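Down below is the structure, laid out as structure tokens.
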Amino acid sequence: MNDTHKLIEQTLSSKEVFNGRLLHVYFDEVSLPDESTSTREWIKHPGASAVLPVFGNGDVMLVRQFRYPMSQIFYEVPAGKIDPDEEAGSTARRELKEEAGLTCSHFQYIGQFYPGIGYSDELIHLYTAWDIESFDQQVDEDEFLLKERIPFREAVDMVHSGEISDGKSMVTLLRAWHWWEREGPFVVR
């Protein structure tokens with residue numbers, strides 16, 4: 001028997017309490033399945049795309065970036081927010097070009113995930129790219145990144161060891177690795 005309808009919360013009121021350049025924070029009152037009420041604080045996010053570029057020799061391109069909230073440098077796949085009226089695939093190709101200084105001939109959607117379901121509606125679309133062509137990065141003026149080529153298998157090992165700990169990068173690398181093992185456009189090391 002499917003009782004999932006017994007889990008649904010209904011919005012009674014919603015108030016935007018912060019309107020930033022990227023994030024919008026809401027404070028909602030909700031009716032719970034047992035008809036009592038509670039509150040929910042959540043972040044509205046425009047969504048994002050992440051892409052893992054894979055070179056013909058099996059290397060992947062990651063970027064290293066300082067992240068202010070954690071005060072540390074992370075390995076990440078190229079990624080960015082979806083601009084208004086932009087398709088997720090266009091965002092991934094734009095970020096591939098801007099952050100990694102790469103374009104590709106082949107591009108594959110490999111899934112999506114919600115990184116913060118308890119507090120945000122953010123949805124990240126995942127891609128892999130190959131038949132890569134390199135040129136200079138075109139990062140935003142307030143963005144500072146270092147590019148690093150790493151063998152695909154080593155990058156996956158870095159996820160398992162905890163050296164790569166950024167959620168979108170972990171999910172993208174593991175999904176791409178699984179897709180590659182199944183679809184095998186070419187052999188990666």
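Since this is a predicted model, take the numbers as computed values, not measurements.
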Compare every heavy atom of [Y] with every heavy atom of [X], then report the nearest pair and how far apart it is.
| X | Y | result |
| --- | --- | --- |
| V77 | K168 | O-CE, 4.2 Å |
| W180 | T128 | CZ3-OG1, 3.2 Å |
| C104 | A129 | SG-CB, 3.6 Å |
| T4 | N2 | OG1-OD1, 2.8 Å |
| E99 | P78 | OE1-CA, 3.2 Å |

Are any side-chain N or O atoms of [X] and backbone N or O atoms of [Y], one a donor and one an acceptor, separated by less than 3.5 Å?
| X | Y | answer |
| --- | --- | --- |
| S38 | V30 | no |
| S49 | G89 | no |
| Y114 | G116 | no |
| K15 | F27 | no |
| S36 | L32 | no |
| R175 | Q112 | yes |

**Message:** Under the rule for salt bridge (charged side-chain N to carboxylate O under 4.0 Å, His left out), what residues qualify as partners of D157, not counting sequence neighbours?
**Reply:** none
**Item:** Centroid separation F107 to Y127 less than 6.0 Å
**Value:** yes
**Request:** Report the C-alpha separation of D166 and R67 in whole Å, then their side-chain angles, then the decisive distance to 0.1 Å, and conclude whether the salt bridge (Lys or Arg N to Asp or Glu O under 4.0 Å) test is met.
**Result:** CA-CA 10 Å; D166 165 58; R67 292 300 187 167; over 6 Å; no
**Message:** Does either side chain, that of W42 or that of D28, offer a donor lying less than 3.5 Å from an acceptor on the other one?
**Reply:**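 Yes.
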**Prompt:** Parallel, tilted or perpendicular: which fits the ring planes of Y109 and H125, with parallel below 30° and perpendicular above 60°?
**Reply:**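 If you compare the ring of Y109 with that of H125, the planes turn out tilted.
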**Message:** Does L62 form a side-chain contact (heavy atoms from CB on, under 4.5 Å) with L52? I'd like the steps, not just the answer.
**Reply:** CA-CA 8 Å; L62 299 178; L52 179 69; 4.1 Å; yes
**Message:** Is there a side-chain contact (heavy atoms from CB on, under 4.5 Å) between V156 and H178? Walk through the geometry before answering.
**Reply:** CA-CA 10 Å; V156 171; H178 180 73; over 6 Å; no
**Side chain proximity check, P46 to L22, heavy atoms < 4.5 angstrom** =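 They are in contact (side-chain heavy atoms under 4.5 Å apart), so the answer is yes.
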**Message:** Hydrophobic cluster membership, with links at side-chain heavy-atom distances under 4.5 Å among I/L/V/M/F/W/Y: are I150 and V171 in one?
**Reply:**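 Same hydrophobic cluster.
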